[in-house]
Trainee: 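Could you have a look at this structure, given as structure tokens, before my questions?
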Amino acid sequence: MTATSVPVLWAGDLPATLDFYRTLGYEVTYEMTRPYPFGAVQRNGFALNFGPTPKDISAEQAHIGCLVFVDEVAPWHAEFTAALRARYGRIPARGTPRITRFRPGQTRFTVVDPVGNTVIYIERGEPDPEYGGSTSLEGLDRVLDNARVFRDAKLDDKAAARVIETGLRRHAATATAVQRGRALAMLAEIAAAVGDSAKVAESVAAIEQLDLNAADRAAVAAELDVVTELQHWLSD
């Protein structure tokens, strides 16, 4: 016996919602506006349905969504960002609609549609996040792993930044220079995501003061490359 589950999200302005999903490469398979709005889209073997939206609900208040499991998330994110840039003339990274940022090694990202529905694309085989940081790690490395969970899985940049700042104070005496550099680079990335250029500059300046050997400086520079790419990504 087999079964198929199809999530029903809110329709909002149904034609606009369906058009947004067309932009992302979905095929509209059903559209009805009377006696109530209902629509359906599909791609790559899965479907999303859209039904009546409760009255007086704004996109900021909408907290309904679903998970989509894919083999690799990076190609999906690349395709979606290219399509959204072509549609809007920029990548919508804030407000509604939007797509969350993506960095090498990430295993999920989120798309929020014009209604506020949230669709999270997750790579199959993604390890379960260890809240509090992986128990196989210690000190600042564990702090950074915990911050990664807040940043990538919970989409909570503020909590991630607090975790890192607290960890830097707590482990200042025992952390290596490269560990501090990685922590500062992550703070710079979070600051770049919210457009805090002063905080980005502060973090980069702190990295410059670290006593790093050539290999470690190259490793931290690679982390900062993500910050530069993010700034370009958000300014497109």
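The first residue of the sequence shown is numbered 1, and numbering continues consecutively from there. Computed over heavy atoms, backbone and side chain alike; hydrogens, waters and symmetry mates excluded.
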Trainee: Is it true that atom CZ of Arg170 has more than 12 heavy atoms of other residues, nucleotides or ligands lying nearer than 6.0 Å?
Mentor: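 Open: at most 12 neighbouring heavy atoms sit under 6.0 Å from CZ of Arg170.
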Trainee: Quick check: does any side chain N or O of Arg217 sit under 3.5 Å from a backbone N or O of Ala214, one acting as donor and the other as acceptor?
Mentor: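 Such a contact is absent between Arg217 side chain and Ala214 backbone.
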Trainee: Between the side chain of Arg180 and the main-chain N/O of Ala175, is any donor-acceptor distance below 3.5 Å?
Mentor: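 Such a contact is found between Arg180 side chain and Ala175 backbone.
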Trainee: Dump the intermediate steps for side chain to side chain contact (heavy atoms under 4.5 Å, CB included) on Leu9 and Val119, then the final yes or no.
Mentor: CA-CA 10 Å; Leu9 308 178; Val119 183; 4.2 Å; yes
Trainee: What is the minimum heavy-atom distance between Val6 and Ala47, and which atoms define it?
Mentor: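 Val6 and Ala47 have their closest heavy atoms at CG1-O, 3.8 Å.
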Trainee: Which pairs pass salt bridge (charged side-chain N to carboxylate O under 4.0 Å, His left out) with one or both residues in residues 154-164, sequence neighbours excluded?
Mentor: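 Pairs touching residues 154-164 that pass the test: Arg101-Asp157.
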Trainee: Please determine which of Asn44, Leu24, Val111 meets the side chain to side chain contact (heavy atoms under 4.5 Å, CB included) test together with Trp76.
Mentor: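 It is Asn44; the other options fail the test.
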Trainee: Looking at Glu138, I'd like to know if its CD atom is crowded, meaning that more than 12 non-hydrogen atoms belonging to other residues, nucleotides or ligands lie closer than 6.0 Å.
Mentor: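 No, the 6.0 Å shell around CD holds no more than 12 heavy atoms from other groups.
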Trainee: Please check this pair: side chain of Arg43 against backbone of Arg22, looking for a donor-acceptor N/O pair closer than 3.5 Å.
Mentor: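 The answer is no, because no donor-acceptor pair under 3.5 Å joins these two groups.
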Trainee: Please assess Ile122 against Thr107 for the test side chain to side chain contact (heavy atoms under 4.5 Å, CB included), listing each intermediate value before the final yes or no.
Mentor: CA-CA 6 Å; Ile122 303 176; Thr107 54; 5.8 Å; no
Trainee: Please check this pair: side chain of Arg142 against backbone of Gly132, looking for a donor-acceptor N/O pair closer than 3.5 Å.
Mentor: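 Pair found, side chain donor or acceptor close to backbone of Gly132.
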Trainee: Could you tell me whether the side chain of Thr53 and the main chain of Ala11 form a donor-acceptor pair under 3.5 Å?
Mentor: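 Checked: pair present.
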Trainee: At their closest point, which heavy atom of Val200 faces which heavy atom of Ala191, and how far apart are they?
Mentor: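 Minimum heavy-atom contact is CG2-CB, 3.7 Å.
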Trainee: Which residue in the set Phe20, Tyr21, Trp10 passes ring-ring contact (aromatic ring centres under 6.0 Å, His included) when paired with Phe50?
Mentor: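 The ring-ring contact (aromatic ring centres under 6.0 Å, His included) with Phe50 is passed solely by Tyr21 among Phe20, Tyr21, Trp10.
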Trainee: Test side chain to side chain contact (heavy atoms under 4.5 Å, CB included) on Val220 and Leu210 and set out the steps.
Mentor: CA-CA 11 Å; Val220 174; Leu210 295 174; over 6 Å; no
Trainee: Does Tyr36 have more than 12 heavy atoms from other residues, nucleotides or ligands lying within 6.0 Å of its OH?
Mentor: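 Counting neighbours around OH of Tyr36, 12 or fewer heavy atoms of other residues, nucleotides or ligands fall under 6.0 Å, so no.
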Trainee: May I ask you to decide if Phe69's main-chain N or O and Arg124's side chain share a donor-acceptor pair within less than 3.5 Å?
Mentor: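 It does hold such a pair.
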Trainee: Does a salt bridge link Glu130 with Arg148, judged by any charged N lying under 4.0 Å from a carboxylate O?
Mentor: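 Judged by the 4.0 Å cut-off on N to carboxylate O distance, Glu130 and Arg148 do not form a salt bridge.
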Trainee: Got a sec: does the CD of Glu72 have more than 12 other heavy atoms crowding it under 6.0 Å?
Mentor: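 Open.
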Trainee: Working note: Leu84 + Thr81, criterion side chain to side chain contact (heavy atoms under 4.5 Å, CB included); need CA distance, chi angles, decisive distance, verdict.
Mentor: CA-CA 5 Å; Leu84 291 169; Thr81 53; 5.7 Å; no
Trainee: Atom OG1 of Thr33 and atom CZ of Phe38: how far apart are they, to the nearest 0.5 Å?
Mentor: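 So the OG1 of Thr33 and the CZ of Phe38 are separated by 13.5 Å.
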Trainee: So, the side chain of Gln179 versus the backbone of Thr176: is there a donor-acceptor pair under 3.5 Å, distance only?
Mentor: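 Yes: the side chain of Gln179 pairs with the backbone of Thr176.
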Trainee: Has Asp145 got a side-chain atom pairing as donor or acceptor with Ser134's backbone, closer than 3.5 angstrom?
Mentor: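 A pair under 3.5 Å: yes.
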Trainee: For Gly116, is there any backbone N or O sitting under 3.5 Å from a side-chain donor or acceptor partner on Thr96?
Mentor: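 Pair absent, no side-chain N/O of Thr96 close to backbone of Gly116.
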Trainee: Could you give the distance from CG (Asp152) to CZ (Phe109), rounded to the nearest 0.5 Å?
Mentor: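 Interatomic distance, Asp152 CG to Phe109 CZ, rounded to 0.5 Å: 13.0 Å.
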